[in-house]
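Note: hydrogens, waters and symmetry copies are ignored here, and every other heavy atom, side chains too, is used.
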Amino acid sequence: MADATKIALGVCTASFDGVALGHTKGGVECVYEPVWHDVKVDQYGDTIVKKRLMGEKFTAKVPLAEYTVANLGVGIPAGTVVGTTVKRLDVGSSAGKSSDDLAAALVLTPVDATGAEHTITVPKAMVGSQITLSHVNDGERIIECTFEAIIDEGEADGARLFSIGDPAAA
């Protein structure tokens, strides 16, 4: 039977490496994309007889509305935040930097009553794509970060990319 109390609305908070990222603008959007190989045999032509999982991808687009050097450092993980009270971001790294040095936990928690029940936890995530820094006269400066999940081999098979639900559940 239908249950209208299970209809969820609303925004979420975002934290990266245990640090709250502040306000967002435009909504946070998560995409899970499995990659399947179609197994075909001569006897059935182009008809698929089975599918095999080849990989998985999870991304979270988090448009950060708090335009700070710290948040710029999240969006440009190969850069280095310098300073304590007055900060700057230095950018320009040598090739070969590893995601192991840049990835950290991303946690997206709905602000409504479902909170922990629908929390998305990515044990290892990083911004691995371009970001655009816009300076316009009719809108907020947004740091649009697209986090990508990276396999965490320390987790069990089936739980190495991300989880949805209460992080404290056993």
Side-chain angles (χ1 to χ4, degrees), residues 7-35 55-152 154-155 159-169:
I7 299 171
L9 296 175
V11 299
C12 69
T13 60
S15 69
F16 182 68
D17 200 15
V19 177
L21 298 178
H23 294 289
T24 58
K25 171 87 175 179
V28 172
E29 182 178 82
C30 299
V31 176
Y32 168 71
E33 180 183 349
V35 179
E56 299 167 285
K57 183 176 182 179
F58 179 84
T59 58
K61 184 175 78 174
V62 183
L64 303 176
E66 296 189 19
Y67 200 88
T68 66
V69 171
N71 277 351
L72 286 168
V74 170
I76 306 173
T80 303
V81 176
V82 178
T84 52
T85 54
V86 178
K87 296 181 181 183
R88 77 170 185 265
L89 178 67
D90 292 342
V91 180
S93 294
S94 299
K97 202 167 239 191
S98 172
S99 63
D100 292 341
D101 301 328
L102 307 173
L106 174 68
V107 179
L108 306 172
T109 306
V111 298
D112 68 1
T114 64
E117 182 182 348
H118 296 123
T119 294
I120 296 173
T121 304
V122 184
K124 287 178 70 175
M126 65 171 282
V127 177
S129 58
Q130 76 177 25
I131 65 166
T132 301
L133 306 175
S134 298
H135 294 79
V136 296
N137 66 355
D138 62 349
E140 296 78 11
R141 290 185 196 165
I142 303 298
I143 306 166
E144 189 169 295
C145 298
T146 301
F147 290 88
E148 299 176 44
I150 298 170
I151 285 291
D152 184 353
E155 298 291 333
R160 293 183 177 139
L161 206 56
F162 72 99
S163 63
I164 301 175
D166 188 341

Starting at CZ of Phe162, measure out to CG of Asp152 and round the result to the nearest 0.5 Å.
14.0 Å
Reported CG-to-CD1 distance for the pair Asn71 and Ile142, which is rounded to 0.5 angstrom
10.5 Å
Partner set under side-chain hydrogen bond (donor to acceptor under 3.5 Å, both in side chains) for Lys97, not counting sequence neighbours
Ser93
Which value, rounded to the nearest 0.5 Å, describes the distance between Ile150 atom CD1 and Leu106 atom CG?
11.5 Å
Quick one: side chains of residues 75-82, donor-acceptor pairs under 3.5 Å with protein atoms, not counting sequence neighbours, listed by atom name and distance.
none

So which of Leu108, Thr68, Val74, Thr13 actually passes side chain to side chain contact (heavy atoms under 4.5 Å, CB included) with Leu21?
Val74
Any chance you could measure Glu148, atom CD, to Lys57, atom NZ, to the nearest 0.5 Å?
5.5 Å
Which heavy atom in Cys145 sits nearest to a heavy atom in Leu64, and how many Å separate them?
SG-CD1, 3.8 Å
Rounding to 0.5 Å, atoms CG (Asp112) and CD (Glu117) come to a distance of 9.0 Å
Which distance, rounded to the nearest 0.5 Å, do you find between the CG of Leu72 and the CZ of Arg141?
10.0 Å
For a quick test of reading the model, state the closest non-hydrogen atom pair linking Glu155 to Arg160 and the distance between them.
O-NE, 3.0 Å
Backbone of His23 reached by a side-chain donor or acceptor of Glu66 within 3.5 Å
yes
Note, Phe58 side chain near Ile120 side chain (heavy atom, < 4.5 Å)
yes
When the side chains of residues 122-134 are checked against the rest of the protein, which donor-acceptor pairs come out under 3.5 Å, sequence neighbours left out?
unit_1 : atom_1 : unit_2 : atom_2 : d
Lys124 : NZ     : Asp100 : OD1    : 3.4

